[in-house]
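In what follows, a single structure is set out as structure tokens and then discussed.
Computed from heavy atoms alone, side chains included, the values below leave out hydrogens, waters and symmetry copies. Keep in mind the model is a prediction, meaning the values are calculated, not measured.
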Amino acid sequence: MVSKKILQILKWIWIIAVVLAGSYYLITNWDNMTHFFSLVPISHLVFSSLLLILGKSCQFIIAKISLKREDIFLPYGQIFFIVATTQLGKYIPGGVWHFVGRYNAYQSENISLKKSTKVLIHENIWLLSGALAVGSLFGLYSKLGKILLDKIGFPTGLSYVIFYSFILLSIWVLALLVYEAFLQKKLPAINPGFLIQLIFVQTLIWIFFGISYLLIIPNTTVNLLPDVIFGFSISWAIGFVVVFAPGGIGIREAALVWIFSSLFLSNDILIYSTVHRFLFVIVEFVLGVGSLLFRPMLIAGRKKKITSDNLS
């Protein structure tokens, strides 16, 4: 009980600290911010936002796969509505309201508390493992990856990098199988279709998010895409596991500054990350509000599907 109170206090302190620090940074760097916006075409901001929407939509597919893993089959439109509306709760200090909202939404679908818990565990473990695995795979082909491999004394020739990629992909697949074995309490039957779907969707998520971030950086080239996918996915994972920072606010941005410090000036990275975070939050709110506005259509489509299933 005491530890929960301490964690709650830490979350509130963090939110206040981030707001104050962010406000101070924006005020003292206002000239740099306005200059930055003059360098980024509006079309880049629009396409960056659209790619964030695609990435978030793929994350909703992971939620659907997690439900399917527990033999729960909901239409994608209904899952989209549930996840899009409840995910906004992560920005409320406390760090649990998006989970509370998801539990309530699943309960309204007659999903038990036990199964809801399992579904959320699947979803979050797969998202975290995907961010780390996909980010590391792209990192092997990046400038940052080459620097890191050189520092630890690993060869960086193309044949070696391909070999490292094979090893890393094998470890990821093995980890997914071990997780399945843990769930089933026995050696799992290998389902290639399931593994391919999970890996493919996860890869799309971080490619969409990575390109979205790349579009924010002025005067950059596509050659930096592996670095950006690596940096963004790893920083997202770091923000994900730091429980006192709702939505990873502040932590993700600090991780991006640290990871990209050898490619860009620290102040510039913080500006890029702040703008991208702003777009990220706006996209999540747009998806949440949009799903509320179009809920009647989702429900109508669901009823139609249920009726057709009953007739058949």
Side-chain angles (χ1 to χ4, degrees), residues 3-18 21-22 52 55-56 58-60 62-63 65-66 83 86-103 116-139 144-145 148 168 171-172 174-176 178-179 182-183 198-199 201-203 205-206 208-210 212-213 227-261 269-270 273-274 276-277 280-281 284:
S3 61
K4 287 184 178 180
K5 287 184 178 179
I6 293 174
L7 184 60
Q8 194 79 351
I9 292 170
L10 284 174
K11 288 175 179 178
W12 275 105
I13 292 174
W14 180 256
I15 287 293
I16 294 170
V18 168
L52 285 176
K56 293 299 297 182
C58 288
Q59 284 188 327
F60 298 163
I62 298 297
I65 296 173
S66 303
V83 181
T86 59
Q87 70 178 353
L88 300 179
K90 68 187 176 188
Y91 294 110
I92 301 174
V96 297
W97 298 111
H98 56 303
F99 292 122
V100 173
R102 192 79 73 87
Y103 277 123
S116 296
T117 302
K118 287 183 177 180
V119 166
L120 287 172
I121 290 173
H122 302 333
E123 181 180 340
N124 285 282
I125 284 180
W126 287 337
L127 284 173
L128 181 58
S129 66
L132 294 172
V134 174
S136 299
L137 281 167
F138 275 93
L144 293 173
L148 181 60
L168 187 56
I171 291 173
W172 187 18
L174 180 61
L176 293 174
V178 169
Y179 181 65
F182 173 77
L183 293 176
L198 193 58
I199 290 172
V201 175
Q202 289 277 26
T203 303
I205 289 172
W206 303 111
F208 287 144
F209 284 167
S212 172
Y213 189 89
D227 294 274
V228 172
I229 293 175
F230 164 67
F232 187 86
S233 58
I234 297 300
S235 64
W236 182 93
I238 294 172
F240 182 86
V241 299
V242 178
V243 294
F244 62 80
I249 291 179
I251 299 297
R252 184 195 301 171
E253 289 71 27
L256 283 166
V257 171
W258 172 59
I259 292 172
F260 290 148
S261 59
I269 305 168
L270 193 50
S273 302
T274 301
H276 194 262
R277 166 67 77 168
F280 203 94
V281 174
E284 291 193 322

Please give me the minimum heavy-atom distance between [X] and [Y], naming the atom from each residue.
X	Y	result
Ile259	Ser235	CD1-N, 4.2 Å
Ala133	Trp172	CB-CD2, 3.3 Å
Ile251	Gly239	CG2-CA, 3.7 Å
Ile205	Cys58	CG1-CB, 3.4 Å
Val228	Gly210	CG1-O, 3.2 Å
Leu256	Gly231	CD2-O, 3.7 Å

Side-chain contact, heavy-atom cut-off 4.5 Å: [X] with [Y]?
X	Y	answer
Glu123	Ile65	no
Leu176	Ile199	yes
Ile121	Tyr179	yes
Lys56	Phe208	no
Val134	Ser233	no

*Of the options Leu137, Ile234, Ile229, which is the one that meets Trp206 in a side chain to side chain contact (heavy atoms under 4.5 Å, CB included)?*
Ile229
*asked:* Go through it in stages, so that I can follow the logic: the residues are Phe260 and Leu144, the test is side chain to side chain contact (heavy atoms under 4.5 Å, CB included), and I'd like the CA-CA distance, side-chain angles, deciding distance and then a yes or no.
replied: CA-CA 8 Å; Phe260 290 148; Leu144 293 173; 3.8 Å; yes
_Distance in Å, Ile125 CD1 paired with Phe182 CZ, rounded so as to fall on 0.5 Å steps_ = 8.0 Å
*If you round to the nearest 0.5 Å, how far is OG of Ser129 from CD1 of Ile171?*
13.0 Å
*asked:* Can you confirm if the aromatic rings of Trp236 and Phe240 lie within a centre distance of less than 6.0 Å?
replied: yes
*asked:* So, using ring-ring contact (aromatic ring centres under 6.0 Å, His included) as the criterion, who are the partners of Phe60 when residues are at least two apart?
replied: Phe80
*Under 3.5 Å, side chain of Gln202 to main-chain N/O of Trp126, donor-acceptor pair present?*
yes
*Look only at the side chain of Ser66 and the backbone of Ile62, and say whether a donor-acceptor pair between them is shorter than 3.5 Å.*
yes
*asked:* Once side chain to side chain contact (heavy atoms under 4.5 Å, CB included) is applied, do any residues pair with Val257, and if so which ones, sequence neighbours excluded?
replied: Ser266, Ile269, Leu270
*Decide yes or no on side chain to side chain contact (heavy atoms under 4.5 Å, CB included) for Arg102 and Val83, but give the supporting numbers first.*
CA-CA 7 Å; Arg102 192 79 73 87; Val83 181; 3.8 Å; yes
_Please verify the inter-ring angle class for His276 with Phe232; under 30° counts as parallel, over 60° as perpendicular, anything in between as tilted._
perpendicular
